[in-house]
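Below is one structure, written out as structure tokens; comments come after it.
Start at 1 and go down the list; that is how both ligands and their atoms are numbered.
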Amino acid sequence: MRAEKKSKSRAKAKVMKKSKQSIDKLIKEGNYNSKTKEVRVITGKKLHCADWQIEGILRMLFNVLDVNVGRDPENLVVYGGFGKAARSWECFETIVNTLLTLQEDETLVIQSGKPVAVFKTHKLAPRMVMCNSMLVGKWANWEHFWELEKKGLIMYGQYTAGSWNYIGTQGILQGTFETFASVADEHFGGTLKGRFALTAGLGAMGSAQPLAIKMNDGIGLLVEVDEKMIKRSIEGGLLDAWTANFDKAVKMVREAKRKKKAISIGLLGNAADILPKLLRKNMIPDVVTDQTPAHDPSSYIPSRLSVKEAEKLRAEDPKKYVKMAMKSMRKHVEAIVSFAEKGAVAFEYGNNIRKNAYDTGFKKAFTYPGFIQAYLRPMLEAGRGPFRWTSLQGNPEDIDKLDDVIIKEFGYNKRLMRWIEKARKYVRFQGLPARVCWLGYGERARFGRIVNDMVADGEIGPIWVGRDHLDTGSVASPYRETEGMKDGSDAVADWPILNALLNTCAGATWIAVHQGGGMGMGYSTSAGFGMVLDGTKETEEKALRLFTFDPGIGVVRHADAGYEISRRIIKEKGIKAPMTR
Ligand code: NAD
């Protein structure tokens, strides 16, 4: 007994010593510059932490901060307005130090981006649990949030920024591809060939739009107010061309329409100015949507302001800024509604812009639907969602091998095959090489077992698996994922909490619960997880549970609300749901 204790404490001391060296090494190797605050992905086979479970957490934290496209990386902003990875640089450094010394039977607790505790739990428990921007209902608004943020008490985690699941633009690309594919199926005979799709915002999520439109053979016109973001999309191979000249953009779209040529064109300008201008010109798109950061009025750039002017006003007079942004959003939505009245297919792309326009008194704001309700719900009913993985060692060939597994195992899903084929052709990896695939109930567990076996056999290195919070059973967001639920249960937030609790029972590597992601403060409750597949038997058991419970609660949630696809799956797969008929 005493000998065992001695050897345990020797092992602990070894980890402590090793990690101390590793911190220096991480800085020395250029993964973190404590002066400039630059963070670079950690790759390779060398462990810095006690095991791959903990190392995977560390590498995904570095990954989100490396691939970040937030407007404010100096303040750890990753994407989606002000979605952050940690509360402050001091918190970041403490998280890193804590992970470097964390033991295989301990759990790190993170409260809104601040590491607050480490508890001795047990080996099968998650190594980290986190909760971001969870405000009590009555106080869950931006005003109260910013007050707390100023005092350093809270952090906005968006969906995948604060839960370290962000993998760059690809993470949203397949969802965007699927949405435009569904629009094409429903309205245009299965293709966007020769169709003009108008949208705005080339941010972290929005920059998936041009490629997704092109993958569906359409013509995309993308309005973006920040030249830097346009150039970033061009450099990343997401956008084909751009101009600051309105007439030139119109000409390019007309020509592409005539030739039925798939192309994406960026137009520098403010959506609240450009959309009404297109309307006045009677330039009616076939499809219209938007991905400006309307979920947060202090992120949306008001009409006629440059990015610099907006930044200045935001700092000097935030109230005036929000007022101007709300007025601009109204103009923006009025134009979308007019386009729809003239025959365009319009949908909100998950940014709450209709509600903001509605709140300024525009009563017709909700005359067009949200994208989940209109196009993606059947996927969620089947337990599908944006499942994703990265090679923790940074090997692109591991992702290639896993693409082959997807093709071999799930060839019956033709749309998934089309996605893989196009993703292999068009997607450039950002940070750790990654792939996203919308897999469903049953498929995720099957895939997880195969991957873990491949890691065990040394065919590939350790793999991190996670997903967006936009998923089948992990979110309540009444103007987005749960808009217009059959039974009216749109605002019931029990489901994402149950999801997180179940996934903790399963033994995910980490669990995250968020409030306000996607649509802004007070509009959503959501949950995410991370799972490191390290090839051990123990991990296989945890992963099989996790990849079954996680989509399983989504199927049950939709069956409970009366959706037939989910009820059928419950019967076919024998899921025990005692109150579901
Ligand atoms: P982001 O903050 O990274 O980028 C927003 C972009 O919009 C920036 O490039 C900004 O310059 C530009 N912009 C701001 N105001 C503008 C205006 N008036 N006209 C033209 N361009 C303007 O945000 P993001 O991560 O790309 O997310 C965009 C929105 O989409 C957010 O509201 C987010 O919550 C939502 N979202 C949707 C989904 C989905 O599944 N559809 C997923 C995640 C996020």
Inset, instruction - Run the numbers for me: atoms of ligand 1, each under 4.0 Å from some heavy atom of Met229, listed by number. - result: 9 (O)

Inset, instruction - Would you check whether Ala272 has a nitrogen or oxygen atom less than 3.5 angstrom from a nitrogen or oxygen atom of ligand 1? - result: no

Legend entry - Enclosure of Lys422 NZ (heavy-atom neighbours >12, cutoff 6.0 Å): yes

Inset, instruction - Going by heavy-atom distance to atom 17 (C) of ligand 1, choose the closest among Asn270, Asn352, Leu268, Leu202. - result: Asn270

Inset, instruction - Enumerate the atoms of ligand 1 whose separation from the nearest heavy atom of Gly269 is less than 4.0 angstrom. - result: 20 (C)

Legend entry - Test side-chain hydrogen bond (donor to acceptor under 3.5 Å, both in side chains) applied to Asp66 - qualifying residues, sequence neighbours left out: Arg40

Inset, instruction - Kindly identify the option in Asp72, Val225, Leu267 whose heavy atom sits closest to atom 21 (N) of ligand 1. - result: Val225

Inset, instruction - Check ligand 1 against Asp226 and write out every atom of the ligand that is under 4.0 Å from a heavy-atom position of the residue. - result: 11 (O)

Legend entry - Within reach of ligand 1, part of Tyr159 (heavy-atom separation under 4.0 Å): neither

Inset, instruction - For ligand 1, note which part of Ile172 has a heavy atom under 4.0 Å away: side chain, backbone, both or neither. - result: side chain

Legend entry - Salt bridge flag under 4.0 Å for residues Lys231 and Glu227: yes

Inset, instruction - Determine whether any heavy atom of Gly518 lies closer than 4.0 Å to an atom of ligand 1. - result: yes

Legend entry - Exercise: do Asn245 and Thr243 side chains pair donor with acceptor under 3.5 Å: no

Legend entry - Residue portion contacting ligand 1 (non-hydrogen atoms closer than 4.0 Å) for Gln158: side chain

Inset, instruction - Would you mind running through ligand 1 and noting each atom that sits below 4.0 Å from a heavy atom of Tyr349? - result: 37 (C), 41 (N)

Inset, instruction - Within a distance under 4.0 Å of any heavy atom of Tyr300, pick out the atoms of ligand 1 and give their elements. - result: 15 (N), 18 (N)

Legend entry - Closest candidate by heavy atom, reference atom 12 (C) of ligand 1, pool Glu224, Lys331, Arg304, Glu348: Glu224

Legend entry - Geometric N/O contact Ala200 with ligand 1, under 3.5 angstrom: no

Legend entry - Arg480 and ligand 1 - part of the residue with a heavy-atom distance under 4.0 Å: side chain

Inset, instruction - May I ask whether Pro293 places a heavy atom under 4.0 Å from ligand 1? - result: yes

Legend entry - Element-labelled atoms of ligand 1 that are located less than 4.0 Å from some non-hydrogen atom of His295: 31 (C), 32 (O), 33 (C), 34 (O)

Legend entry - Salt bridge flag under 4.0 Å for residues Asp359 and Lys355: yes

Inset, instruction - Using a strict cut-off of less than 4.0 Å between a Lys/Arg side-chain nitrogen and an Asp/Glu carboxylate oxygen, indicate whether Asp185 and Arg415 qualify as a salt bridge. - result: yes

Legend entry - For Leu470, the ligand 1 atoms whose distance to one of its heavy atoms is below 4.0 Å: 40 (O)

Legend entry - Contact (N/O only, under 3.5 Å) between Ser299 and ligand 1: no

Legend entry - Any side-chain donor near an acceptor of the partner, Thr199 and Gln209, under 3.5 Å: yes

Legend entry - Under 4.0 Å to a heavy atom of Tyr79 - the qualifying atoms of ligand 1, by number: 25 (O)

Inset, instruction - Can you sort out the partners of Tyr368 under side-chain hydrogen bond (donor to acceptor under 3.5 Å, both in side chains), two or more places apart, ordered by chain and number? - result: none

Inset, instruction - State whether the shortest distance between N or O atoms of Met205 and N or O atoms of ligand 1 falls below 3.5 angstrom. - result: yes

Legend entry - Close aromatic pair by centroid cut-off 6.0 Å: Tyr159 and Tyr166: no

Inset, instruction - Indicate yes or no: does an N/O atom of Ile301 lie under 3.5 Å from an N/O atom of ligand 1? - result: yes

Inset, instruction - Can you spot which of Val475, Leu380, Thr482, Thr472 makes a side-chain contact (heavy atoms from CB on, under 4.5 Å) with Arg557? - result: Thr482

Legend entry - Separation between CZ of Arg444 and CZ of Arg467, rounded to the nearest 0.5 Å: 7.0 Å

Inset, instruction - Can you measure from CG (Leu268) to CD1 (Ile230) and round to the nearest 0.5 angstrom? - result: 4.5 Å

Legend entry - Pairwise distance CZ(Phe387) to CG(Asp468) - rounded to 0.5 angstrom: 13.0 Å

Inset, instruction - Would you indicate which of Val223, Thr292, Val307, Thr179 comes nearest to atom 16 (C) of ligand 1 when only heavy atoms are counted? - result: Thr292

Inset, instruction - Identify whether the distance between the nearest side-chain nitrogen and carboxylate oxygen of Glu348 and Arg480 falls below 4.0 Å. - result: no

